[in-house]
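The figures here come from the full heavy-atom set of this structure, side chains too, leaving out hydrogens, waters and symmetry mates. Throughout, a chain's letter reflects where its sequence line sits, starting with A, and its residues are numbered from 1.
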Amino acid sequence: MSEDKKESLNFIEQIIEEDLKSGKHDGRVLTRFPPEPNGYLHIGHAKAICINFETAKKYGGKTNLRFDDTNPTTEETEYVDSIQNDIKWLGYDWNGEAVYASDYFGQLFEFAVKLIKKGLAYVDDCTADEIASMKGTPSIPGQDSPYKSRTIEENLDLFQRMKNGEFADGTRVLRANIDMTSPNMLMRDPIIYRIKKEHHHRTGDQWCIYPMYDFAHGQSDSIEHITHSLCSLEFIHHRPVYDWFIEKLEIFPSKQTEFARMNVEYMITSKRKLLKLVNENYVSGWDDPRMPTISGMRRKGFPAAAIRNFCDKAGVAKRENTIEISLLEACVREELNKTALRAMVVLDPVKVVITNYPEGQTEVLHAENNPEDLNAGHRDLLFGRELYIEREDFMENAPSKYFRMTPGADVRLKHAYILHCTDVEKNEAGEVTTIFVTYYPNSKSGEDVSGIKPKGTLHWVGAKDATPCQVRMYDRLFTVPDPTVDENKDFLEFYNNKSCQIVSNAVMESSLKKSKPGTQYQFLRQGYFCTDIDSNSDMIIFNQTVGLKESYSKEMKK
RNA sequence: UGACCCAUGGUGUAAUGGUAACACACCGGUUUUUGGUACCGAUAUUCUAGGUUCGAGUCCUAGUGGGUCAACCA
């Protein structure tokens, strides 16, 4: 194999390779994924996970999983579990045990004391409103708090008493002593500790003061000796704060690098909006197959490898971007084409009777499970005089480019025989009730000597084999690619009320009866589907993952 | 009346001062017992204006456009 194709690096890899070249950190690479345990992971998190884990892996490094649990009001253990489960499912293992920012509360407190002793932090007695009004605006400098000039001794005493629980919530905060006139709002003496007499999911009631993000994140990175702290662009203004604390505290110099988060058409990632979809029953839950959550995509049948591949193909840069949903779907099809077992399911059955096939006779046909993977084996199909085909695969007066069943024409049944349509029976409403055909006995799949070359091949289910099942067909959750683009309209105005359509009269080949939840299939000529967890012994339920590429419908539109 | 980030086909991402390429989408074709897959081909790209240079998508300046920043959230 020749390696003449020079591999291109994204800007993060370029930074790392420069660091490696200069011998920084002895060539060590350690990244981290720092979720706050207050919600479920979604496609945006998947992107961040892939960037952090894949980048580290590429350079022989590791990735820490650290829960950023500095706000006891919103965080819960339930999320800790689901987040770990989702990351593992995506295919990643973190470095050692999961860690928590709350593991460092003691250390962080000492860091704060150190800052106070250096005259770089002070206790502010102002109210939240007062602090906000003295903060200025992006274009107007802020003003110093009247408490900024307290002595070190007084600050030390007050901070200790904050910790001891002597003051009520909101009465005092600890602030970094930086610069109230900075053009960067975040450098205007950011609050670093606040009083919250609340129960923490891990530390219980041990603490009543909690560090803010800016005083926890960078220091946690530093404590863990993270070399490359990769985060999204919205944190770029925090970097001077991040660096300031590390410099003043004289601790390990982790470096933050920001990349543009990935937006995907028809997917929203706002926690508030996703919660609304769940709470107001627009979806069945966080793992509804229409949700952009990792659990939703998993239930829909998206393979982890496809999501990883998608994140890779979407690339990494610093500009705003919206990835077309077709790229995700292409990645899903690419993966599933290689791995999904083939099966036949008729969604809207219409009965076919083979008039020259002996009544009562049946035969077993052998069908490959996956033409892309011969190791996938074969299964049996039960063929007989009566069977079902798709209603839309029959047309009484068909145009010339219709290659399916129509009176007078030949059409192949996949893995079976070639049929010749002779007659059709309709009810009073004009609906087709039964199609009559003859078959060519010498046209059996694999041993066809009929010489007939039909243009079309149909999927089918034998009447004696047919087993009822439920199929849930999914479409995009919204009617427009970005339902949040118009600030004057609620995103729910763009909810697609046809996003989930339940097909309840479908029939499947009986081999599917023993299907386990999560198994992925390609239903021939229909698309990819996976068995839903709601399935039981009475009824198997399938979720549509994604359709097949369809050139016929495009042809028909012309 | 500020600071910071960004600008390459329809959408993304490359090109690291030297022929603007790759993927997806779109269009056309070949193969096919899935109108799938596979394969082949077509269309289409450097925000504007100056400057540096033999040479600029790349470096500099200005402009234009987009994004971000004023939670005791992360």
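Heavy atoms of A/Thr73 sit nowhere under 4.0 angstrom from any nucleic acid atom. Among the heavy atoms of the strands lying under 4.0 Å from A/Phe235 is at least one base atom, whether or not backbone atoms are also near. Residue contacts shown for A/Cys126 include a base, since a base heavy atom lies under 4.0 Å away. In this structure, A/Gln522 reaches the bases: a heavy-atom distance under 4.0 Å links it to at least one base atom across the strands shown. Using a 4.0 Å heavy-atom cutoff across all strands shown, A/Lys271 reaches no nucleic acid atom at all.
Of the nucleotides present, B/U13 is the one that pairs with B/A21 by Watson-Crick or G-U wobble criteria, both distances under 3.5 Å.
At the phosphate of B/A74, OP1 or OP2 sits under 4.0 Å from a side-chain N or O atom of A/Arg194. Neither OP1 nor OP2 of B/G36 sits under 4.0 Å from any side-chain N or O of A/Arg342. In this model, the phosphate group of B/G35 is approached by a side-chain N or O of A/Arg525 to a distance below 4.0 Å at OP1 or OP2. Taking only side-chain nitrogens and oxygens, A/Lys549 comes nearer than 4.0 Å to OP1 or OP2 of B/A25. Side-chain nitrogen and oxygen atoms of A/Ser551 include at least one within less than 4.0 Å of the OP1 or OP2 phosphate oxygen of B/G36. OP1 or OP2 of B/C72 has not a single side-chain nitrogen or oxygen of A/Thr127 nearer than 4.0 Å. For B/U11, the OP1/OP2 oxygens have no side-chain nitrogen or oxygen of A/Lys313 closer than 4.0 Å.
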All N/O pairs under 3.5 Å across the protein-nucleotides 56-61 of chain B interface:
none

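Counting atom types as modelled, A/Arg333 pairs no side-chain N or O with a base atom of B/U37 as donor and acceptor under 3.5 Å. In this model, a side-chain donor or acceptor of A/Glu372 finds a partner on the base of B/G36 within 3.5 Å.
Checked against the 6.0 Å centroid criterion, the rings of A/Tyr521 and A/Phe529 do not qualify as a close aromatic pair. Not less than 6.0 angstrom separates the ring centroid of A/Phe302 from the ring centroid of A/Phe310.
For the pair A/Asn370 (side chain) and A/Ala376 (backbone), a donor-acceptor distance under 3.5 Å is absent.
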